[in-house]
Amino acid sequence: MVHHANRERPNPSGLKVGGHQASSASMVSIMTALWFRHLRPEDRVSVKPHASPVLHAINYLLGRLDVSYLPRLREFGGLQSYPSRAKDPDPVDYSTGSVGIGATAPIWGAVSRRYVQAMGGDAGRGRQYSLLGDAELDEGAVWEAVLDPAVGQLGEVVWVVDLNRQSLDRVVPDIAAGKLQGMFAAAGWQVITVKYGRLLQELFARPGGPELRQRIEEMTNPEYQRLLRLDARELRQRLPGVGPGADRIAELVGQVDDQSLVDAIANLGGHDLAALDEAFDSISDDRPTVVFAYTIKGYGLATRGHPQNHSALLSPEQLGELAIRLGADPADPWRRFAADSPARSLCVRTAQRLHRQEPIPRKTPAMPDDFGRTPSGASSTQASLGRVLLDLTREAPEAARRVVTVSPDVSSTTNLGGWVNKVGVWSPDERRDWFADDPETILHWREKPSGQHIELGIAETNLVGLLGELGATWSRWGEPLLPIGVLYDPFVERALEPWSFGTYAGGQSILIGTPSGVSLASEGGAHQSVKTPSIGLEQPGCTSYEPAFAIDAEWTLLAALAQLGRPDGGSAYFRLSTRPVDQGLAAVPSDPAARERRRRHVVAGAYQLRRVQEPSVTIAAMGAVVPEAVAAAARLGQAGIAADLICVTSPDLLYRAVRARQGHEQAESWILDQVFPAARATPLVTVLDGHPHTLSFLATINQVRTTALGVTRFGQSGCIEDVYRLHGLDADSIVRAALDLTD
């Protein structure tokens with residue numbers, strides 16, 4: 001497949017197509033043993049990105065992929081570069097591609113499976129396998145997952161490490177396998193090592209064998225890899241070395257014929273089916289397992305063991321030689337095994353054994369649009385999160401039962417305390433709450449299988465990894481969940497890549513960043529997020545919201561929840577604030593029809609908060625700084641400058657509406673005519689607690705003069721008035737900006 005994509009398929013642009021023959025070759029034996037001998041239909045496997053051609057080849061042999069796709073690796077509309085649940089035409093259990101994230105996904109898939117099972121769904125009891133390259137163990141995300149206390153009890157998790165001791169550029173000089181094995185063992189994992197195959201083990205049992213084994217054990221990785229490139233004559237010269245056992249090794253290898261010697265030196269455990277069978281048979285399901293399978297990058301290929309073989313392609317001559325060895329025909333590369341052959345019979349039996357009935361997704365329970373209350377007094381949008389969840393348990397209990405919240409040790413500080421007290425903390429087994437009788441305990445940590453809150457350690461990558469898998473249960477097992485992840489908004493960037501990848505893989509969830517912006521004044525610049533509004537606008541697969549008032553938060557949260565757990569659904573990102581705001585400023589209409597119109601505008605991205613007779617200027621504000629915009633509009637009015645005030649709830653949806661109006665994408669654009677009618681076009685001041693370019697595009701709706709206010713530098717500690725003044729978010733700054741535009 002890789003050869004055809006790069007050397008035979010027309011390529012008018014001349015750009016590299018890519019593919020990884022060597023990385024695929026190191027995995028073929030492992031995946032053959034797993035699929036054709038050990039997998040069960042209820043098992044799931046995450047395949048390392050660069051072995052995707054092996055997965056597609058197996059699916060083809062099992063009748064799960066049409067032959068027409070085999071020449072279309074990395075072609076538009078064909079097979080994806082890396083395994084993709086959403087975009088590949090054949091079965092893929094986990095999307096992979098971002099190093100380290102696909103490796104950890106089965107951990108969170110295991111937690112999600114157990115959660116679904118605990119809530120009464122049928123998710124089976126299959127293992128969750130992860131096939132990963134050894135270089136992926138350099139990723140911090142791997143160790144954040146391995147070390148989380150919740151992972152040690154997941155006996156269905158099995159990692160198989162393709163230990164080929166090569167990275168993209170080189171042979172890794174010291175892979176430190178012993179240290180890695182010790183780290184897994186210390187985390188409570190079962191560690192299985194598959195180092196040598198049958199041929200090498202037979203040599204080790206002969207006179208001179210113990211010396212040969214010690215010689216190989218003590219070699220550096222580069223020296224061993226160099227041996228793989230030698231013929232038998234050169235092997236006999238180099239293999240004995242210069243140590244005290246050199247003579248015995250020389251005598252041993254002198255007794256072995258040329259081909260057997262060349263085959264034996266490359267006979268590592270990861271390419272020996274019997275050794276792999278023994279390893280897979282010894283897996284215990286009472287704790288997670290890691291199998292270190294020693295392999296050779298490029299095994300069986302002319303490029304085997306070469307330090308730069310990562311993206312190397314076989315020449316047509318080398319491919320022809322390989323075909324002869326394999327009994328294949330380069331002119332008919334997609335030919336199936338003969339109908340009466342043992343191989344074809346094995347494929348048929350394996351396909352029957354692994355047949356999996358695809359689930360029919362349940363429909364998510366109906367979600368209310370509006371709870372019908374109008375908040376009063378001073379409150380924050382962060383506080384409204386907990387109230388919405390509690391209201392949902394009363395107003396729509398069936399929908400509320402499918403909500404699951406996740407946080408990295410910040411439940412109490414993000415206003416989830418009431419929700420946690422109400423629904424409890426999820427645990428596979430009920431645990432005693434030793435502080436239940438303490439009268440000073442406010443947050444009750446009742447751990448039980450029916451709990452709906454999952455708390456992980458302080459690692460945002462774990463949080464969003466779990467969030468993505470909880471959001472995929474509707475397609476994996478037919479059981480929709482409504483997952484909400486809550487973390488501090490400054491750390492959204494830390495969590496962005498795995499959350500984005502989870503969204504790409506079809507995981508539908510709500511990510512809530514709170515508190516946000518420089519409104520978190522006293523915490524200083526280290527905790528004041530600046531770029532996150534722009535991230536929400538630009539992130540594919542999700543809708544971002546930043547409500548200003550509690551009622552806006554309620555309406556947008558309910559709308560986002562209604563989009564989860566369904567084939568046509570999507571994710572959402574919320575940016576909430578701890579700043580208490582006078583809820584009377586929202587001026588929620590009392591007339592039911594007018595209230596519903598306001599709600600529709602809020603959910604669509606913006607609404608007119610203040611409308612004057614003949615405006616001279618328009619202020620568009622978002623989130624926590626809306627009170628400053630209200631004050632500025634009032635002062636401008638007193639100065640004889642009439643100002644319309646627009647409250648933006650989603651720059652994301654407004655930007656999509658602008659692009660739809662321009663013919664660039666499919667989206668509804670009616671909100672622009674409702675909130676930014678051309679007849680009321682005036683100079684525009686935009687303001688938000690974040691980077692100003694997030695709202696600057698609003699001026700293009702009616703092509704008006706504009707000034708964009710926001711945060712463009714790191715903040716510092718102080719009271720909110722001083723910090724707003726520093727960044728030009730205060731009412732004085734908004735008034736000055738409006739005056740500059742209307743002069």
Side-chain angles (χ1 to χ4, degrees), residues 375-390 405-421 442-443 458 460 463 484-495 510-533 535-536 544-554 556-557 572-586 621-631 647-649 687-690 710-711 714-727 729-730:
S376 59
S379 183
S380 70
T381 51
Q382 177 179 293
S384 68
L385 167 63
R387 285 196 294 270
V388 168
L389 293 177
L390 289 174
T405 55
V406 188
S407 70
D409 198 35
V410 293
S411 301
S412 56
T413 54
T414 55
N415 281 94
L416 285 179
W419 164 257
V420 171
N421 286 343
I442 298 175
L443 181 62
I458 305 176
E460 286 77 15
L463 167 88
I484 301 174
V486 183
L487 76 167
Y488 289 162
D489 194 66
F491 306 143
V492 164
E493 292 176 67
R494 188 183 300 173
I510 296 174
L511 183 66
I512 294 179
T514 182
S516 62
V518 299
S519 296
L520 191 64
S522 58
E523 290 286 345
H527 274 186
Q528 295 169 354
S529 54
V530 175
K531 295 184 292 183
T532 48
I535 288 173
S544 69
Y545 287 104
E546 185 167 347
F549 301 105
I551 191 67
D552 299 349
E554 174 191 311
T556 51
L557 275 166
Y573 161 57
F574 281 78
R575 197 170 184 254
L576 304 183
S577 173
T578 51
R579 184 188 183 189
V581 171
D582 177 8
Q583 298 301 305
L585 296 177
M622 182 169 76
V625 297
V626 167
E628 278 65 34
V630 172
C647 184
V648 175
T649 55
V687 57
L688 76 153
D689 184 0
V711 182
F714 292 114
Q716 63 182 40
S717 300
C719 67
I720 199 167
E721 292 80 11
D722 289 339
V723 172
Y724 275 12
R725 192 175 303 113
L726 171 68
H727 294 284
L729 305 178
D730 58 322

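These values consider heavy atoms only, across backbone and side chains, with no hydrogens, waters or symmetry-generated copies.
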Is a donor on one side and an acceptor on the other found under 3.5 Å between the side chain of R579 and the backbone of S519? no
Quick check: does any side chain N or O of D689 sit under 3.5 Å from a backbone N or O of V625, one acting as donor and the other as acceptor? no
Nearest non-hydrogen partners of T514 and L576, listed with the distance: OG1-O, 3.5 Å
Could you tell me whether a side-chain N or O of Q583 sits under 3.5 Å from a main-chain N or O of V581, the two making a donor and an acceptor? yes
In terms of relative ring orientation, are F491 and H527 parallel, tilted or perpendicular, with 30° and 60° separating the classes? perpendicular
Residues L463 and V486: closest non-hydrogen pair is CD2-O, 4.2 Å
D489 pairs by side-chain hydrogen bond (donor to acceptor under 3.5 Å, both in side chains) with which of S529, S516, S577? S529
Report yes if some heavy atom in the side chain of F574 is under 4.5 Å from a heavy atom in the side chain of S544; otherwise report no. no
Kindly say whether A548 contributes a backbone atom to a donor-acceptor pair with the side chain of T381 at under 3.5 angstrom? no
Value for CD (Q716) from CD (E523), rounded to nearest 0.5 Å, stands at 14.5 Å
Closest non-hydrogen contact found for H727 with G715 is NE2-CA, 3.6 Å
Counting distance only, does the side-chain N/O of Q528 pair as donor-acceptor with the main-chain N or O of A521 below 3.5 Å? yes
If you define the side chain from C-beta out and look only at heavy atoms, does anything of V626 sit under 4.5 Å from F549? yes
Whether the side chain of E546 engages the backbone of M622 through a donor-acceptor N/O pair (distance < 3.5 Å, no angle test) should be reported. no
Could you tell me whether the side chain of V723 reaches within less than 4.5 Å of the side chain of L729, counting heavy atoms only? no
Taking atom OH of Y488 and atom OG of S407, what is their separation to the nearest 0.5 Å? 9.5 Å
Taking L385 as the fixed residue, which of L390, I512, N415 is the one that meets the side chain to side chain contact (heavy atoms under 4.5 Å, CB included) rule? I512
For residues A550 and R387, report the shortest heavy-atom separation together with the two atoms involved. CB-NH2, 4.1 Å
Separation between CD of E628 and CD of E721, rounded to the nearest 0.5 Å: 8.0 Å
When you compare the side chain of D582 with that of V630, does any pair of heavy atoms fall below 4.5 Å? no
Closest heavy-atom pair, G513 versus V492, reported as atoms and distance to 0.1 Å, is CA-CG2, 4.3 Å
